[in-house]
Each structure stands twice: as C-alpha cells, then as structure tokens.
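Values below: every heavy atom of this structure, side chains too, minus hydrogens, waters and symmetry copies.
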Amino acid sequence: MRAPALLLLPLLASLSAVATGTPTPATPPAVPTSAQAEQLQRGETTYFLACAICHGDRLEGVSAPGLGGEDFRALYRTVPPRALHDLIRDTMPDDRRGTLSAQEVLDVTAYLLRENDLPRPEGALGAETLDHVPPTP
C-alpha cells in the first residue's frame with residue numbers, strides 16, 4: 001500500500017502549488033555533470049575573488065554594472081555564450097585586464113550563465129563549445 005501512496009506525492013505537491021499559486025517548473029532542473037559541477041564551483045570562487053568587489057556578491061552591481069537580472073538575461077539570451085566569454089576575457093577585471101587565465105574565464109562564464117538560467121552545454125563549458133550552445137528564444 002505504501003508504493004501507490006508514494007507515487008501520488010508529486011501529484012499532491014503539484015496540486016498544492018497550484019492551489020497556493022506557487023508556480024512549479026515545467027521541467028526539473030538539469031543535474032550538472034561532475035565536470036560541470038567542478039567548473040561551476042571554480043567559476044563561483046573566481047567570481048568572488050576577482051569580480052564581486054565591483055559587480056556585487058549577488059551580481060547586483062556595485063561600482064560596475066550588475067551581472068544578473070532581467071536586463072542581463074535579455075541581453076545574453078540572444079547571443080552565443082562566446083559574447084560574454086570574450087567580454088570577460090578582453091576587459092576584466094577592469095583594473096587588471098588579461099590577468100584571468102583562459103580556464104578562469106571559461107569558469108566565470110559558465111557560472112554567470114548558470115546564475116542567470118542561460119543555456120550551457122551538457123558538460124563543462126570549453127572553448128570548443130562556446131559557439132554551440134543555442135541562445136534561448
């Protein structure tokens with residue numbers, strides 16, 4: 001008798017969310033691969049060490065533009081990830097341009113994509129995949 005009851009839990013959770021007006025995601029969030037999870041952790045660390053002082057701990061912008069929110073998503077939703085990657089590579093950090101390694105730039109790019117729910121490749125973001133991730137419509 002327990003198995004059928006357990007099968008009803010997702011349905012009950014959905015109905016509860018509808019009744020309370022809480023939206024439920026259409027698809028479950030993708031579980032990052034091991035390589036992707038490691039890259040995202042490195043990207044978060046690099047972001048906090050090299051970017052957060054100007055762009056804020058929550059991507060809100062302090063002395064530099066915010067790197068999150070609807071305006072940011074609208075801008076980067078229509079271009080391939082290479083646009084964000086190349087901007088970081090060529091101009092950041094503002095006071096030490098070019099000091100991030102190629103891997104750090106990829107890691108921070110992946111982190112910003114994830115934080116803004118923008119598309120990323122299934123594995124870790126690499127130089128060869130920057131142009132292959134389709135922008136969101």
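Among all heavy-atom pairs drawn from Asp94 and Arg97, the shortest one is OD1-NH2, 2.9 Å. Taking each heavy atom of Gly123 and Thr33 in turn, the nearest pair found is CA-OG1, 3.9 Å. Smallest separation of non-hydrogen atoms from Leu113 and Pro119: CD1-O, 3.9 Å. Nearest heavy atom pair, residue Leu75 against residue Thr78, reads O-OG1, 3.4 Å. Here the closest heavy-atom approach between residue Asp107 and residue Arg42 is recorded as OD2-NE, 2.8 Å. Pairing each heavy atom of Ala110 with each of Gln39, the nearest pair is CB-OE1, 3.5 Å.
Here the CG-CZ distance, from Asn116 to Arg73, works out to 5.5 Å after rounding to the nearest 0.5 Å. Atom CD of Gln41 and atom OG1 of Thr45 lie 4.5 Å apart (nearest 0.5 Å). Between Leu112 atom CG and Phe72 atom CZ the span is 5.5 Å, to the nearest 0.5 Å.
For Ile53, the CD1 atom sits in a loose shell: 12 or fewer heavy atoms of surrounding residues, nucleotides or ligands are nearer than 6.0 Å. For Asp95, the CG atom sits in a packed shell: over 12 heavy atoms of surrounding residues, nucleotides or ligands are nearer than 6.0 Å.
Looking only at distances, no side-chain donor or acceptor of Gln103 sits under 3.5 Å from a matching main-chain atom of Ser101. Checking side-chain atoms of Thr129 against main-chain N and O of Leu125 turns up no donor-acceptor pair under 3.5 Å.
Here the side chains of Leu106 and Leu130 are in contact, with some heavy-atom distance below 4.5 Å.
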Name the atoms and distances for all side-chain donor-acceptor pairs under 3.5 Å in residues 62-70, with sequence neighbours left out.
residue, atom, partner, partner atom, Å
Glu70, OE2, Arg77, NH1, 3.3
Glu70, OE2, Arg77, NH2, 3.3

Show me, pair by pair, the donor-acceptor contacts under 3.5 angstrom made by side chains of residues 85-93, not counting sequence neighbours?
residue, atom, partner, partner atom, Å
Asp86, OD1, Arg89, NH1, 3.3
Thr91, OG1, Leu87, O, 2.6

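Using a 4.5 Å cut-off between side-chain heavy atoms of Ile, Leu, Val, Met, Phe, Trp and Tyr, with links allowed through other members, Leu100 and Leu49 fall into different hydrophobic clusters.
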